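For reference, the structure discussed in these notes is given below.
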Amino acid sequence: YPTWKRTLNRRVREAQTKRFCKAQAIQRRLEEIEVTFRELEQQGIKLEKLLRDEDATPADQKTQWMNQLLYLVQKKNSLMSEESDLMIMVQELKLEEQQWQLDQKLRCYMNREESLKTAEDRAAEQEILAQLLEVVNKRNVLIHIQEEKRLSEL
């Protein structure tokens with residue numbers, strides 16, 4: 001029993017550490033995307049000014065600037081899509097953590113002897129079970145959204 005419990009505790013810590021590291025990586029990437037957005041915005045402003053101000057500019061130069069501007073828009077759209085995926089992952093991590101906490105509470109109630117449970121204990125157990133079901137449904141919706149997005153990109 002003690003070995004089993006230590007193993008279970010170690011796996012719980014490992015899962016929490018994994019979720020924490022994943023959350024940190026997502027946060028770093030979101031910050032990088034924000035910086036890149038600002039850089040793209042500045043480049044886009046410069047290109048727009050060049051396109052609007054230079055009437056005597058050769059057509060080849062204007063075409064090149066227009067292509068650069070379109071490339072910036074494409075890159076920004078790509079980053080927005082990645083940002084949206086990351087936000088879904090953040091929600092998924094939050095729901096995963098919430099599910100884990102509810103699961104721990106439910107286990108505490110379920111491990112009690114049935115004859116020792118009070119009416120309040122049974123009601124709390126049912127409430128936790130309902131919350132757990134709600135979290136699982138929310139995670140299912142997120143997975144469905146990701147799948148729809150993946151299919152629309154194909």
Side-chain angles (χ1 to χ4, degrees), residues 1-49 64-154:
Y1 177 76
T3 305
W4 175 81
K5 191 168 185 166
R6 282 193 305 266
T7 302
L8 185 61
N9 286 336
R10 188 183 76 243
R11 286 186 182 162
V12 166
R13 283 193 309 274
E14 287 172 356
Q16 286 176 328
T17 303
K18 186 177 178 181
R19 281 194 301 271
F20 181 72
C21 289
K22 191 173 181 181
Q24 281 185 321
I26 290 170
Q27 185 62 38
R28 274 193 305 273
R29 184 61 188 142
L30 286 171
E31 290 169 2
E32 290 171 2
I33 288 173
E34 186 64 34
V35 168
T36 307
F37 272 151
R38 281 189 241 120
E39 291 172 357
L40 291 175
E41 191 69 32
Q42 292 302 317
Q43 291 175 6
I45 290 170
K46 287 178 186 175
L47 285 171
E48 272 189 62
K49 285 181 181 178
Q64 185 180 5
W65 288 339
M66 187 61 86
N67 286 339
Q68 287 176 350
L69 189 62
L70 290 173
Y71 172 76
L72 292 177
V73 169
Q74 182 183 26
K75 191 166 183 171
K76 186 175 179 182
N77 288 341
S78 170
L79 287 173
M80 287 176 71
S81 176
E82 183 181 356
E83 183 181 40
S84 139
D85 289 342
L86 290 172
M87 295 308 290
I88 289 173
M89 289 172 67
V90 166
Q91 287 296 322
E92 195 173 328
L93 281 173
K94 286 180 182 178
L95 290 172
E96 189 177 322
E97 180 67 26
Q98 191 176 1
Q99 182 178 348
W100 179 81
Q101 290 172 355
L102 288 169
D103 188 48
Q104 293 302 311
K105 288 180 185 178
L106 186 61
R107 285 180 192 272
C108 287
Y109 281 110
M110 293 181 92
N111 284 338
R112 291 184 186 165
E113 191 66 39
E114 198 63 38
S115 60
L116 300 175
K117 289 182 185 178
T118 64
E120 292 84 20
D121 290 341
R122 287 187 182 87
E125 186 177 339
Q126 289 302 313
E127 177 63 29
I128 292 171
L129 194 56
Q131 290 174 355
L132 190 57
L133 186 60
E134 184 180 328
V135 168
V136 169
N137 286 335
K138 286 179 182 178
R139 286 184 72 189
N140 188 39
V141 167
L142 286 178
I143 290 169
H144 185 69
I145 289 170
Q146 284 177 320
E147 185 64 21
E148 282 182 358
K149 186 175 180 190
R150 186 186 68 80
L151 290 174
S152 71
E153 288 175 354
L154 291 176

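Nothing fancy with the numbering, it's 1 onward along the sequence. Predicted, not measured: the structure shown is a model, and the values here were computed from it. The figures that follow rest on heavy atoms only: side chains count, while hydrogens, waters and symmetry mates do not.
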Rounded at 0.5 Å granularity, tell me how far [atom1] in [X] sits from [atom2] in [Y].
X	Y	atom1	atom2	value
Leu47	Gln64	CG	CD	9.5 Å
Leu102	Leu95	CG	CG	10.5 Å
Leu30	Phe37	CG	CZ	9.5 Å
Gln126	Tyr109	CD	OH	12.0 Å
Leu133	Gln99	CG	CD	10.5 Å
Asn9	Arg11	CG	CZ	11.5 Å

Would you call [X]-[Y] a salt bridge at under 4.0 Å N-O?
X	Y	answer
Glu125	Lys117	yes
Arg10	Glu14	yes
Arg122	Glu114	yes
Lys138	Glu134	yes
Lys76	Glu41	yes
Arg150	Glu153	no

What are the two closest non-hydrogen atoms of [X] and [Y], and how far apart are they?
X	Y	answer
Glu92	Leu142	N-CD1, 3.6 Å
Asp103	Leu132	N-CD1, 4.3 Å
Leu129	Leu106	CD1-CD2, 3.8 Å
Ile26	Leu86	CG2-O, 4.0 Å

May I ask you to decide if [Y]'s main-chain N or O and [X]'s side chain share a donor-acceptor pair within less than 3.5 Å?
X	Y	answer
Ser84	Met80	no
Asn111	Arg107	yes
Asp121	Thr118	yes
Lys22	Thr17	no
Thr7	Thr3	yes
Ser78	Gln74	no

Taking side chain as C-beta onward, heavy atoms only, is [X] less than 4.5 Å from [Y]?
X	Y	answer
Pro2	Arg6	yes
Asp85	Lys149	yes
Glu83	Leu79	no

Under the criterion salt bridge (charged side-chain N to carboxylate O under 4.0 Å, His left out), I'd like the reasoning laid out for Glu82 against Arg29: C-alpha separation, chi angles, the key distance, then a yes or no. CA-CA 9 Å; Glu82 183 181 356; Arg29 184 61 188 142; 2.7 Å; yes
Walk me through it: do Trp65 and Glu48 pass the test side chain to side chain contact (heavy atoms under 4.5 Å, CB included)? CA-CA 8 Å; Trp65 288 339; Glu48 272 189 62; over 6 Å; no
Less than 3.5 Å apart, any donor N or O on the side chain of Gln101 or Glu97 sitting next to an acceptor on the other?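 On atom types as modelled, these side chains qualify, holding a pair under 3.5 Å.
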